[in-house]
Amino acid sequence: MSYSDIGALPQQVMEEDSPGFHLDLVDEYIKKDYMISSSGALIDASEAVLNPSNGIIDPSDSLTYYEEETMPVSSVASHIPQEHAFPYPRPPGPPIQTVDRGRFNFTAKVTNNSNKKYLYSEGLNKVYADVNCDFAVQFNWEPIAERMFVRACVVFADKEHAEKRVECCMQHRHAPNVPDNIRLNILRSSRELGTQGVYYHGDPSSPDSWYSVVVEFNASTRQRTHAYKFACKNSCSTGINRRSIQILFTLEDIDGTVYGRQVIAARICSCPPRDCRKDEETAGIQRSKKRVAKPDAAKSKKVKIETLTNQGDEEIVTFPPVQVVGHNVVTAGLDIMVKMMEHGKSLKKDDPEYVHACNISIENLKATLEQYRRDNGL
Amino acid sequence: MSYSDIGALPQQVMEEDSPGFHLDLVDEYIKKDYMISSSGALIDASEAVLNPSNGIIDPSDSLTYYEEETMPVSSVASHIPQEHAFPYPRPPGPPIQTVDRGRFNFTAKVTNNSNKKYLYSEGLNKVYADVNCDFAVQFNWEPIAERMFVRACVVFADKEHAEKRVECCMQHRHAPNVPDNIRLNILRSSRELGTQGVYYHGDPSSPDSWYSVVVEFNASTRQRTHAYKFACKNSCSTGINRRSIQILFTLEDIDGTVYGRQVIAARICSCPPRDCRKDEETAGIQRSKKRVAKPDAAKSKKVKIETLTNQGDEEIVTFPPVQVVGHNVVTAGLDIMVKMMEHGKSLKKDDPEYVHACNISIENLKATLEQYRRDNGL
Amino acid sequence: MSYSDIGALPQQVMEEDSPGFHLDLVDEYIKKDYMISSSGALIDASEAVLNPSNGIIDPSDSLTYYEEETMPVSSVASHIPQEHAFPYPRPPGPPIQTVDRGRFNFTAKVTNNSNKKYLYSEGLNKVYADVNCDFAVQFNWEPIAERMFVRACVVFADKEHAEKRVECCMQHRHAPNVPDNIRLNILRSSRELGTQGVYYHGDPSSPDSWYSVVVEFNASTRQRTHAYKFACKNSCSTGINRRSIQILFTLEDIDGTVYGRQVIAARICSCPPRDCRKDEETAGIQRSKKRVAKPDAAKSKKVKIETLTNQGDEEIVTFPPVQVVGHNVVTAGLDIMVKMMEHGKSLKKDDPEYVHACNISIENLKATLEQYRRDNGL
DNA sequence: GTACATGTGG
DNA sequence: CCACATGTAC
Ligand SMILES: [Zn+2]
Ligand SMILES: [Zn+2]
Ligand SMILES: [Zn+2]
Ligand SMILES: [Zn+2]
Ligand SMILES: [Zn+2]
Ligand SMILES: [Zn+2]
């Protein structure tokens with residue numbers, strides 16, 4: 001099914017989806033994704049790997065926030081119920097948004113594609129894509145452990161909204177063919193659902209449980225790229241609601257220890273190129289503007305109607321040079337004139353001038369009408 | 001889910017549905033839809049109603065094809081399992097494509113569209129639409145029975161392919177949320193699935209079982225309109241594969257007796273306007289749509305009859321050089337012309353040419369009237 | 001919840017809605033709203049009330065087409081579970097959209113308010129309002145029974161979409177504090193939920209069950225006004241999706257017999273004034289202002305004459321009991337009506353409903369005229 | 001009510 | 001990529 005196949009009748013999609021409403025799915029969210037488990041002292045470990053050697057983070061700060069980041073709460077992959085905690089979920093509460101490559105030089109960068117499915121502005125470090133559009137992120141880090149994980153968590157960029165979770169809007173959460181446990185996750189892996197190595201976190205019923213998707217990378221493979229897609233737009237009124245968002249990537253090991261943190265801003269919209277251009281212009285990048293030509297207004301012409309007399313309703317009037325549309329329109333109009341003059345005659349039968357004028361006009365009109373009808377087979 | 005929401009990755013939708021490919025469903029079509037039942041002598045009856053009194057049909061022909069058309073095979077509505085056969089399915093084999101209004105003057109016409117997503121070329125009697133785009137067909141016939149049915153069956157227009165059934169392509173037959181029993185039906189009612197009065201026929205496993213959709217019309221309502229949509233494109237390689245198709249509408253009663261037959265060509269594509277233009281150019285038809293003849297207020301007073309179109313009372317007419325008596329006679333006549341054109345506009349608001357021509361005339365007339373009244377203190 | 005409550009702070013809505021998701025409510029729609037019950041012969045009853053006393057409608061016709069409307073299916077008020085069937089629900093399937101005042105001169109008109117909470121365009125017969133904005137409709141009819149009901153059902157105005165139900169979009173159906181059984185109803189009474197005399201119909205799980213709200217009027221009170229509000233916008237992608245809609249008002253008695261039908265177009269948007277202006281500009285008619293006619297023969301102005309066109313100038317109008325002076329005036333007036341209907345027929349010859357109504361009226365008018373002329377020696 | 005933001009259709 | 005439709009903010 002191609003783009004236009006569906007696009008031709010978007011309504012159809014919803015309606016087809018409507019019968020089941022997919023509501024039970026979201027409604028039946030239960031807190032099965034989260035299980036608390038004990039864990040070793042991770043704070044020291046994270047400190048060890050995350051000391052501010054790169055100078056980006058203040059030592060005292062990093063201490064605090066890594067304390068949060070490594071809170072030992074375990075999670076299971078939501079699409080494959082497992083009992084063992086793996087990988088670690090996010091610690092509860094709003095995530096830290098500070099960029100920190102960490103000791104192992106963790107980086108994340110949207111790969112610039114040739115086609116125009118999505119855009120990435122280097123200057124703004126921002127990716128522009130439509131909903132459900134796959135975009136690849138290139139990660140990089142120096143060897144740490146055999147199994148490493150990159151967690152992606154979407155947050156509001158503005159401080160005043162950062163305390164709230166970014167959730168899929170009321171509309172997009174009801175998209176068909178989406179498992180209940182990821183309906184609220186706005187950022188999703190492009191990998192097929194159920195793929196090994198992709199784990200969704202986040203519990204809708206726990207206000208402190210931020211949504212995230214974790215992807216596993218194995219040291220044995222040189223693969224450091226993963227494709228994501230958004231399930232909701234920035235403009236969705238019952239979701240992001242035009243607020244700015246950004247993706248938080250954290251490099252973690254199997255114990256949830258954070259080794260680095262990167263941020264990429266994102267805008268999910270219907271017109272990525274346009275919005276990217278506008279953002280860049282706003283940011284100070286000048287571009288040429290186009291002026292819209294204005295169509296000239298419609299002209300209305302004035303027609304002087306020739307009048308021979310001016311008293312009462314007895315003037316002899318020549319038709320103005322206007323045109324009308326429709327045989328019936330013409331004949332109906334002329335007919336009614338005849339009728340009215342006959343009407344007038346009946347009222348002023350004592351006025352020979354008037355009667356005479358009317359008679360002439362009526363005769364002419366009738367002749368005209370007759371010929372008109374004959375000529376046009378009416 | 002909005003257009004772009006899905007449109008951004010339409011493929012995804014299909015693929016999500018693909019895992020099972022629903023092939024089992026299609027493959028395992030069982031012949032439960034068709035049950036042979038005995039029936040009275042319908043041939044005579046159909047002859048009776050369809051004798052070529054109008055000269056359109058050759059007697060020998062009508063005999064033959066009505067024999068086929070009224071073959072007493074009973075069917076059940078595929079979406080609502082019923083035990084009684086209703087309404088009759090198509091008789092097996094390729095349908096007759098001869099147009100015949102029949103004794104009851106059966107007509108079918110795609111409703112005029114202007115700002116709509118589909119096109120209808122009057123000259124080519126062909127509808128152009130995208131997949132899943134609803135288009136309304138206006139039927140008409142003189143009263144026959146309380147319950148009447150219009151069967152719509154899509155066939156290949158070219159003789160060399162007319163022996164083959166038109167089936168949904170491999171791709172589109174796997175669209176999500178489509179019941180198995182209509183997956184192969186390329187033409188579908190716009191009504192919600194499961195609705196009363198809409199019946200799908202056609203058995204994939206029987207090569208002689210043509211696909212059709214039957215819609216019931218009750219004499220109690222004056223409603224003679226039904227909306228349809230196509231589920232597949234002309235260009236689909238594994239389906240129509242660029243061959244021309246047309247819709248065969250047959251007016252039938254509850255016994256399957258055929259009372260009339262109409263044909264409308266169709267092209268389902270991604271760019272209806274372009275393809276329509278091309279077809280019309282190829283056909284050498286001076287597109288009536290483009291002949292925008294506007295009233296010119298500066299024309300002579302001579303009676304001028306432009307017969308740009310004979311249909312619909314849409315001629316643009318210049319006032320004849322006659323005179324009338326009385327201010328009110330003039331204004332009443334001109335007023336009534338304005339009224340009638342406004343009336344016409346309200347009835348044909350989908351015809352931009354007509355509306356435009358009327359608007360110009362109305363504007364001129366009103367300006368004329370206004371000035372006339374001002375000049376004469378009316 | 002007022003307009004600004006949702007519009008100005010949409011985020012608020014989602015958050016309020018999020019905790020419980022309100023999804024279970026919609027999901028658990030069950031077909032409890034409809035129970036079939038036996039009923040007396042309603043067709044006769046409808047015949048009795050709808051016979052063409054005005055000569056516009058053919059007796060046999062009215063008999064049949066109202067048959068649908070009075071299908072004896074019983075319903076309970078959805079918000080107050082009751083065992084007795086009351087009032088009758090809509091008959092299944094797409095509603096008839098033909099305007100017909102009926103014998104008791106049923107009219108519906110949006111009251112033009114002073115403030116600008118909503119707008120009503122007389123010329124377009126269209127109400128413009130924001131979501132959740134109350135607007136009052138003034139009904140009127142001549143006395144029939146003690147308990148009368150006005151059913152309001154929203155339908156798509158375009159034929160190609162009229163076969164589908166108008167449902168609340170995915171977003172607005174999840175608005176907080178809305179009972180499950182009216183979540184899908186886009187048009188709602190402004191009265192407090194649970195108010196006596198307001199009944200919601202429509203079963204989401206039954207494709208043939210159209211949504212409607214029924215309001216009771218008691219003859220003992222002179223109250224003929226009711227306020228409504230829309231719960232969803234025209235632009236909602238997962239709902240109306242920018243298609244045109246209109247409200248169908250039917251005057252019914254407690255048995256579901258239909259006594260009259262009126263239509264008012266509607267547009268629910270964020271900028272009613274702007275969109276109204278645009279629509280009127282597009283229509284090219286500034287019909288908002290009334291023309292001060294000067295009928296010299298100022299006779300009894302007992303009943304107001306129907307003004308101009310509504311959505312298509314296809315209303316069936318009963319002659320008002322006014323008098324005119326002069327044989328020619330009468331015949332001219334009737335003649336012009338015939339002409340205009342013939343004109344309309346030529347423009348809408350494919351619309352059997354309209355053509356049929358016109359034919360009957362024309363025939364009657366011509367007979368009337370003929371006899372009138374004969375009787376008066378004209 | 002104006003200017004802008006942003007989805008939609010071509 | 002453009003014009004427009006249409007929600008949003010001030
Ligand atoms: Zn829901
Ligand atoms: Zn969304
Ligand atoms: Zn399939
Ligand atoms: Zn196909
Ligand atoms: Zn809505
Ligand atoms: Zn007319």
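All chains are named by letter (A, B, ...) in the order of the sequence lines, taking the proteins before the strands, and each is independently numbered beginning at 1.
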Response to the item:
Result for side-chain contact (heavy atoms from CB on, under 4.5 Å) between C:Pro272 and one of C:Ser270, C:Cys276, C:Cys269 points to C:Cys269

Practice prompt. Compare side-chain N and O positions of C:Lys233 against OP1 and OP2 of E:dT8 and report whether any pair is under 4.0 Å apart.
Written response: yes

Worksheet entry | Distance, nearest 0.5 Å, that separates CD1 of C:Ile247 from CG of C:Leu187 | 5.0 Å

Fill in: Along DNA chain D (nearest heavy atom to each residue), the more 5'-positioned of A:Asp275 and B:Pro273
A:Asp275

Discussion item. Would you call the rings of A:Tyr228 and A:Phe135 parallel, tilted or perpendicular, taking 30° and 60° as the class edges?
Written reply: tilted

Practice prompt. Between A:Cys271 and C:Arg242, just flag the one whose closest nucleotide in DNA chain E comes earlier from the 5' side.
Written response: A:Cys271

Item to complete: Determine: side-chain N/O of C:Ser270 to OP1/OP2 of E:dT8, distance under 4.0 Å, yes or no.
Response: yes

Worksheet item: Who are the side chain to side chain donor-acceptor pair (under 3.5 Å) partners of B:Lys126, not counting sequence neighbours?
Response: B:Asp279

Fill in: Residue-phosphate contact under 4.0 Å: A:Ser235 side-chain N/O, D:dT6 OP1/OP2
no

Worksheet item: What does A:Cys269 touch in the nucleic acid at a heavy-atom separation under 4.0 angstrom: a base, only the sugar-phosphate, or nothing?
Response: sugar-phosphate

Practice prompt. For E:dC2, take OP1 and OP2 only and decide whether either is under 4.0 Å from a side-chain N or O of A:Arg274.
Written response: no

Worksheet entry | Atom pair OG1/CG of B:Thr282 and B:Leu124 - distance to nearest 0.5 Å | 9.0 Å

Practice prompt. Would you give the length of the straight line joining atom CD of B:Glu280 to atom OH of B:Tyr128, rounded to the nearest 0.5 angstrom?
Written response: 6.5 Å

Practice prompt. For C:Arg277, report the nucleic acid contact type (base, sugar-phosphate, nothing); a contact means any heavy atom under 4.0 Å.
Written response: nothing

Practice prompt. In whole angstrom, give the distance that lies between atom NZ of B:Lys116 and atom P of D:dT8.
Written response: 21 Å

Discussion item. In whole Å, I'd like the distance from the CZ atom of C:Arg267 to the C1' atom of E:dG7.
Written reply: 11 Å

Practice prompt. Can you tell me the distance, in whole Å, between the CZ atom of C:Arg243 and the P atom of E:dA5?
Written response: 18 Å

Practice prompt. Find the distance A:Tyr128:OH to D:dT6:P and express it as a whole number of Å.
Written response: 11 Å

Practice prompt. Would you mind reading off the distance between C:Asp279 atom CG and E:dC4 atom P, rounded to a whole angstrom?
Written response: 16 Å

Response to the item:
Here the distance between atom P of E:dG7 and atom CG of A:Asn234, to the nearest Å, is 19 Å

Practice prompt. May I have the distance from A:Lys278 (atom NZ) to D:dG7 (atom P), rounded to whole angstrom?
Written response: 10 Å

Worksheet item: Between C:Asp134 and C:Tyr118, do the side chains contain an N or O donor and an N or O acceptor separated by less than 3.5 Å?
Response: no

Fill in: Pairing pattern in dot-bracket form [Watson-Crick, G-U; both distances under 3.5 Å; | = partner strand] for DNA chain E
||||||||||

Practice prompt. Starting from P on D:dG10, measure out to NZ on B:Lys117 and report it in whole angstrom.
Written response: 7 Å

